[in-house]
Each structure stands twice: as structure tokens, then as C-alpha cells.
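Numbering of residues begins at 1 and proceeds along the displayed sequence.
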Amino acid sequence: MFLSLFYITFVPIYIKYLKEKMLFPDYIFETSWEVCNKVGGIYTVLSTRAKTLQDKIKDRIIFLGPDCWQEKPSPYFKEDKKLFAAWQQKAASEGLSIKVGRWEIPGEPIAILVDFQLFFAHKDEFYGKLWEYYRVDSLHAYGDYDESAMFAYAAALVVESFYRFYLSEKDKVVFHANEWQTGFSALVLQHRLPQIATIFTTHATGIGRSIAGNNKPLYEYLWAYNGDQMASELNMESKHSIEKQAAHHVDCFTTVSDITATECKELLDKPVDLVLPNGFENDFVPKGATFTKKRKAARKRLLDVANALTGDGIQDDVLIVSTSGRYEFRNKGIDVFIESMNRLRFDENLKKQVVAFIEVPGWVAGPRQDLIERLDSGKQFDTSLEKPVLTHWLHNMDHDNVLNMLSSLGMNNAKGDKVKVIFIPCYLTGDDGIMNMSYYDLVLGNDLCVYPSYYEPWGYTPLEAVAFKVPCITTDLAGFGLWANTERGKYSEIEDGVKVLHRTDYNYSEVADGIKDTIAQYSSFTKVEVNKCRSNAEKLSRKALWSEFIKYYEQAYDIALKKAAARNNR
């Protein structure tokens, strides 16, 4: 009785006290190479989270990205020369070349595009100071390292200029750097403005991705790998060095999933302070009659392309299946997806025909003119095109991994094949010449999506799929898959909206069979079972909205601000 009274009386008071004591920034500066620059998944992370932060601290969340367009207009950014006009003049007098405006995404947050070209003249001096202050090794730099470093250095100086013009030590300020490309910024600001609290998020460790991409077993031997040694072996010393030193020196070091947190501890020798799972906003998902109309249009386009390629008269009652993402053949599980489709061809339990699409951008030469002519004609054809597995020609036809694997397995979309596989090797932006629909307008046409990743710190593609009521298959080596299991309290099944397969370094064949068996199982579902499965998928997606996940960022801000305060009070 006493304990019950204690919990009823004092626990709510204590929780309220903790909430009151949490610090929240007055200003947040966040930078990434993908701010106003749509090249990967981090763009989705930041652009969908922006509205939630904008609602909390209107126009005091400021994003910084690279000015990749120079004199050309950016498709994601609208300049406003009146915004912070006095400071813009001051910044120009300090040798900073910037554009201030709005990121054209929900919430329309303030964004600053930074021209970093002038800073290449100071590259060697900058690298020398990084070594002197933080032991960042830039001697082995190559590729995009210099460009990233110069942008990050310039972005840090822009934040410093803004801070000194408008803010003071009375303001609680957080600077959030994403990925190794902007880790430089956090270190520069920590040295020049120690009163600013710093957060560094690695969305995937460079060494972990490289180990996996080089066909080395990552997980069974993770405990035995030395990150510095592997960086040397894989020619990753400089990128690994900035990532590691940023992780060790910032006020709050974070990553996006528990599986990557383990990776950080082993390969960067630094446990994360917090895991920040990737949420999203579902306001781009159509509702009601609009959803039905768009789904019908997506299925029609996908099947029109399949029929024009194969000449096989595929009807609408087929199962449409797809995989998508970056062209990382092993890491994203493209290889095991193809193998599972090959095995599905001969599975007697498959009750429907399957058309499977591989939607990963390759080295595209251009859309196929013969395919365009067939599509434009509106006719039905009973013969296939010369290469009926491909929608766009590639520059490297003889060396493409997808085409070579399909060929080696004899998967050529012959008439009568129960499973057809079609490779769409381009970015689905709506103007590719064949599909001419955006990814989001096509994904809802699927019956199932498959993402059997070997290396996937989070996994936006399965999250996006379930938001569009498309059940999916993924693995427990993906952060999203682990999260789905956590939500279920056990391994999630396809009836729950997401089938999570156990994957290891060595069970490729078992995963291929798991995909095959799940699709065969789904092909026998009744309409009621399918609708329940689709509903469960959408319900799960709502648990990953930013309104649910922003609390983790609030904790990160609190950790960083308190550590910065302690540092400055010493």
C-alpha cells in the first residue's frame, strides 16, 4: 500500500522535475552535404525532421549545405536576400560567400548554402591545425575528402560569424554535424567557440560499410577488427580519422540504430551517447480515393513496361514485387534478391505470377528507344524485345552485376516464366524517359517490397514502403528490421506488415529461401488477409513518425548542452 501511494504521489512529480530540468537549445545549426542536395538517405532524414523542429523553434533551426549550383538555380532552395540582410553584408566583408533563403520542403526552414571554393587555398594550413589540435590524419586524403573538408570548414566559419553577429553566451546553441563529411565543422567550432554544444551523428561508419562492401565478414568478427588497422588495409585512413576524432571530441556522439552503435564501439573505439532512430513524415502519402487512383496508375505503368519488354500479356492480378536503394550489390542484398526470384520460379507453392522490379541507379546511357516506341504505340505485343530484362541502356552492359547475375541464372523473362525480373537502373524522378513517374508515385503500386540488406544502419526504403501500405521483407541486420522486432516483442512476420529474416555473415542461402517462401505464402493470402497485412504495415509506420522519435533528439540536445556548460564552467 505504501509503495503504491509512493508511486502515485512522487513518481509523476519526479518525472515532471526531470522534464523541467532538460535543456533545449535556443538555436540549432545543422549541417550535412545533403542539405538542399538530394543525393541519399540523409536528405530524407533532415528534410522530413525539419518541420517538427521548425514547429518547436520557428526560424531558429538553421540548416547549412554546400552551394553545388553556383550560378544555376537550386531545385531545392529559394534565396531571400532580405533574410538576415545586415549579417549577410557582414559575412561578405569577412570573405564568406553564402546564399541565405528557405529549403523548399515542409516547414520551409532557413537554409544557408555555402560556397567553399575559396578555402582550398588554405587547405594545408587547415589540415595542419586539425592534426595539431585533434590528431586528424589528412595525409592519405583522396576523392571527395578535400571537397568535404573545405565545405565543412567554411560552414563552421559561417556559424561563427552568425553567432558573433546575433548571439551571445546567454543563448543555448547546438551545432549538429552529420556524417564524416561535416565532422570537421564540429571540431572547428569546438575549438573556436567552445560555448557552442556539438553533436556528431554517423549514419554508417566508413570502415563498417567498407568491410561489408569488400565482401569481408563484418558481424561475426566485429569484436576482432581494429578500426585503425582496417582503415589502413582498405585505404580509408583519412575518412576514418575524421570520423573517429569527431566521435571522441564532440559533446554528444550519436548514430541511427543499435546495430550501428555496436559498430561504433568496436571500430571507432567510442560508444555512442545516444541512438537517434530515423523517423519520417507521412504527409506525402495520398489518402482515400487519391491513394486508390495513384495505386491503379502505378500498377498500370509498371505492367505496361513489363508487357512491352516481354510481350507476355501479364494481367493485373499478378504480384508486383520490388527492391530499391543504392547500387550496393551485396550490402543492400540485391544479390540475394535475384537468387530468391530465381528459386521462386520453380516453387510449386507460388499461386500467382510475379513481376519483380530492381530499382537501383546504375551507369545509365539512356532510355531504350525500342521500348519507348512500344509504349507510345499502345499496342499489345506477343514477342519480347532483344533484352527483355532492362528498361534503360547502360554504359557498362558487360560488367553490370545485376545483368551478369540474371544471365548466369538463365533469367531472361522467357514466355511462361512464372517470375519475371526487370531492372530499372535509373533515379525515379519522373523524367527518366520510360517510367516517367516518381519513386513515391510508383512504390504504392507494389504488393510486396523486399530489402534483404546485409549492411543497413537504418533503412528508409522499408519504412517508406509500409507507409504506403506495402508490406515488406527485410532482415535483422537492418536498423529498421531490429526496430520492427522490438515493436512486436519478437520476430515480426509478414502478417504483421513486415517480415524480418535472420541474417548472418554466412546464411545467404537461407535468406534467399526465406524471401521465396514468404512471397509464396503471400500469394495464397485471401483478400481479407492481404488487407489486414497492408493495414498492419501502415499502422507500424505511424510509430516511426517524427512526432514519436523527436524525443531522442531532445535528449541529445540536453546531453550536448549540459556537457558544453560543464566544459565552459571549468
Side-chain angles (χ1 to χ4, degrees), residues 286 290-325 327 334 337-338 341 345 352-397 400 402-403 405-407 411-450 461 464-465 468 470:
T290 303
F291 182 96
T292 303
K293 182 179 179 181
K294 281 182 170 286
R295 176 167 163 79
K296 185 176 181 180
R299 291 182 69 83
K300 183 178 186 306
R301 190 59 182 174
L302 289 165
L303 294 181
D304 282 351
V305 169
N307 279 318
L309 276 170
T310 66
D312 211 8
I314 304 165
Q315 301 300 308
D316 189 54
D317 61 348
V318 302
L319 280 181
I320 298 179
V321 179
S322 78
T323 191
S324 57
Y327 201 156
I334 301 167
F337 175 77
I338 294 173
M341 294 304 104
R345 291 195 293 163
K352 292 184 176 182
Q353 191 175 9
V354 171
V355 179
F357 292 89
I358 301 171
E359 301 163 359
V360 295
W363 191 11
V364 176
R368 294 181 59 164
Q369 191 59 38
D370 56 350
L371 178 54
I372 291 173
E373 290 172 2
R374 279 198 171 189
L375 289 168
D376 288 347
S377 74
K379 298 178 181 178
Q380 295 291 324
F381 296 87
D382 57 9
T383 59
S384 69
L385 290 176
E386 180 181 349
K387 200 170 189 72
V389 298
L390 185 65
T391 60
H392 295 67
W393 297 124
L394 299 173
H395 288 292
N396 58 333
M397 298 282 288
D400 180 80
V402 169
L403 294 181
M405 186 168 181
L406 291 173
S407 177
M411 300 180 73
N412 55 8
N413 291 343
K415 273 189 178 287
D417 277 353
K418 292 170 66 178
V419 179
K420 303 283 197 298
V421 178
I422 295 170
F423 183 22
I424 308 175
C426 61
Y427 287 102
L428 292 170
T429 56
D431 57 358
D432 61 88
I434 300 293
M435 307 310 299
N436 293 328
M437 295 176 74
S438 73
Y439 177 76
Y440 287 143
D441 283 336
L442 279 172
V443 69
L444 77 175
N446 288 281
D447 295 297
L448 285 171
C449 287
V450 184
T461 43
E464 290 167 340
F468 281 95
V470 181

Self-check item: Short side-chain to backbone donor-acceptor contact, Ser407 and Leu403, under 3.5 Å
Solution: no

Quiz item: Do Lys352 and Asp447 touch side chain to side chain, with heavy atoms closer than 4.5 Å?
Solution: no

Practice problem: Applying side chain to side chain contact (heavy atoms under 4.5 Å, CB included), run through Glu386 and Asp370 and close with a yes or a no. | Solution: CA-CA 9 Å; Glu386 180 181 349; Asp370 56 350; 5.5 Å; no

Exercise. Quick one: closest heavy-atom pair of His392 and Pro367, and the distance?
Key: CD2-CA, 3.5 Å

Quiz item: Which distance, rounded to the nearest 0.5 Å, do you find between the CD1 of Ile424 and the CG of Leu442?
Solution: 7.0 Å

Quiz item: If we only count heavy atoms from C-beta on, is the Tyr327 to Val402 side-chain gap below 4.5 Å?
Solution: yes

Quiz prompt | Trace of the side chain to side chain contact (heavy atoms under 4.5 Å, CB included) decision for Val443 with Glu464 | solution = CA-CA 9 Å; Val443 69; Glu464 290 167 340; over 6 Å; no

Exercise. Decide if atom NZ of Lys300 counts as having more than 12 heavy atoms of other residues, nucleotides or ligands within a radius under 6.0 Å.
Key: no

Exercise. Could you check whether the rings of Phe468 and Tyr440 sit parallel, tilted or perpendicular, using 30° and 60° as the cut-offs?
Key: parallel

Self-check item: Separation of Thr391 OG1 from Leu375 CG (nearest 0.5 Å)
Solution: 10.0 Å

Quiz item: Do the side chains of Cys449 and Thr461 get nearer than 4.5 Å, heavy atoms only?
Solution: no

Practice problem: Examine distances only and state if a side-chain atom of Arg345 and a backbone atom of Val419 form a donor-acceptor pair shorter than 3.5 Å. | Solution: no

Quiz item: Can you find a pair of side-chain heavy atoms, one from Ile334 and one from Phe423, that are under 4.5 Å apart?
Solution: no

Quiz item: So how far is it from Ile422 CD1 to Ile434 CD1, rounded to the nearest 0.5 Å?
Solution: 11.5 Å

Quiz prompt | Minimum-distance pair of heavy atoms, taken over all atoms of Ile338 and Ile358 | solution = CG1-CD1, 3.7 Å

Practice problem: Measure across Gly313 and Gln315 and return the closest heavy-atom pair with its distance rounded to 0.1 Å. | Solution: O-NE2, 3.0 Å

Quiz item: Do Arg368 side-chain atoms and Lys387 backbone N/O form a donor-acceptor pair below 3.5 Å?
Solution: yes

Quiz item: Applying the salt bridge (Lys or Arg N to Asp or Glu O under 4.0 Å) test to Arg299, which of Asp317, Asp441, Asp316, Asp304 qualifies?
Solution: Asp316

Quiz item: Are any side-chain N or O atoms of Thr310 and backbone N or O atoms of Pro388, one a donor and one an acceptor, separated by less than 3.5 Å?
Solution: no

Quiz item: Are any non-hydrogen side-chain atoms of Glu359 and Met435 less than 4.5 angstrom apart?
Solution: no

Quiz item: Between CG of Asn307 and NZ of Lys379, what distance do you get to the nearest 0.5 Å?
Solution: 16.0 Å

Practice problem: Would you tell me whether Ser322 and Asn446 have side-chain atoms, one donor and one acceptor, within less than 3.5 Å of each other? | Solution: yes

Practice problem: Look at the side chain of Asp312 and the backbone N and O of Ile314, then say whether any donor-acceptor pair between them is shorter than 3.5 Å. | Solution: no

Practice problem: Any chance you could measure Asn436, atom CG, to Ile372, atom CD1, to the nearest 0.5 Å? | Solution: 8.0 Å

Practice problem: Compare all side-chain heavy atoms of Val364 with those of Leu394 and state whether any distance is below 4.5 angstrom. | Solution: yes

Quiz item: Where is the tightest heavy-atom contact between Ala356 and Met341, given as atom of each residue plus distance?
Solution: CB-SD, 3.6 Å

Practice problem: Look up atom CE in Met437 and atom CG in Asp431, then write down how far apart they are to the nearest 0.5 Å. | Solution: 13.5 Å

Practice problem: Mark yes or no for whether Lys415, through its side chain, and Asp382, through its backbone, hold a donor-acceptor pair below 3.5 Å. | Solution: yes

Exercise. Please tell me if the side chains of Met405 and Met411 come closer than 4.5 Å, counting only heavy atoms from C-beta onward.
Key: no

Quiz item: Within the distance-only criterion (no hydrogens, no angle test), does the side chain of Asp432 pair as donor or acceptor with the backbone N or O of Tyr427 below 3.5 angstrom?
Solution: no

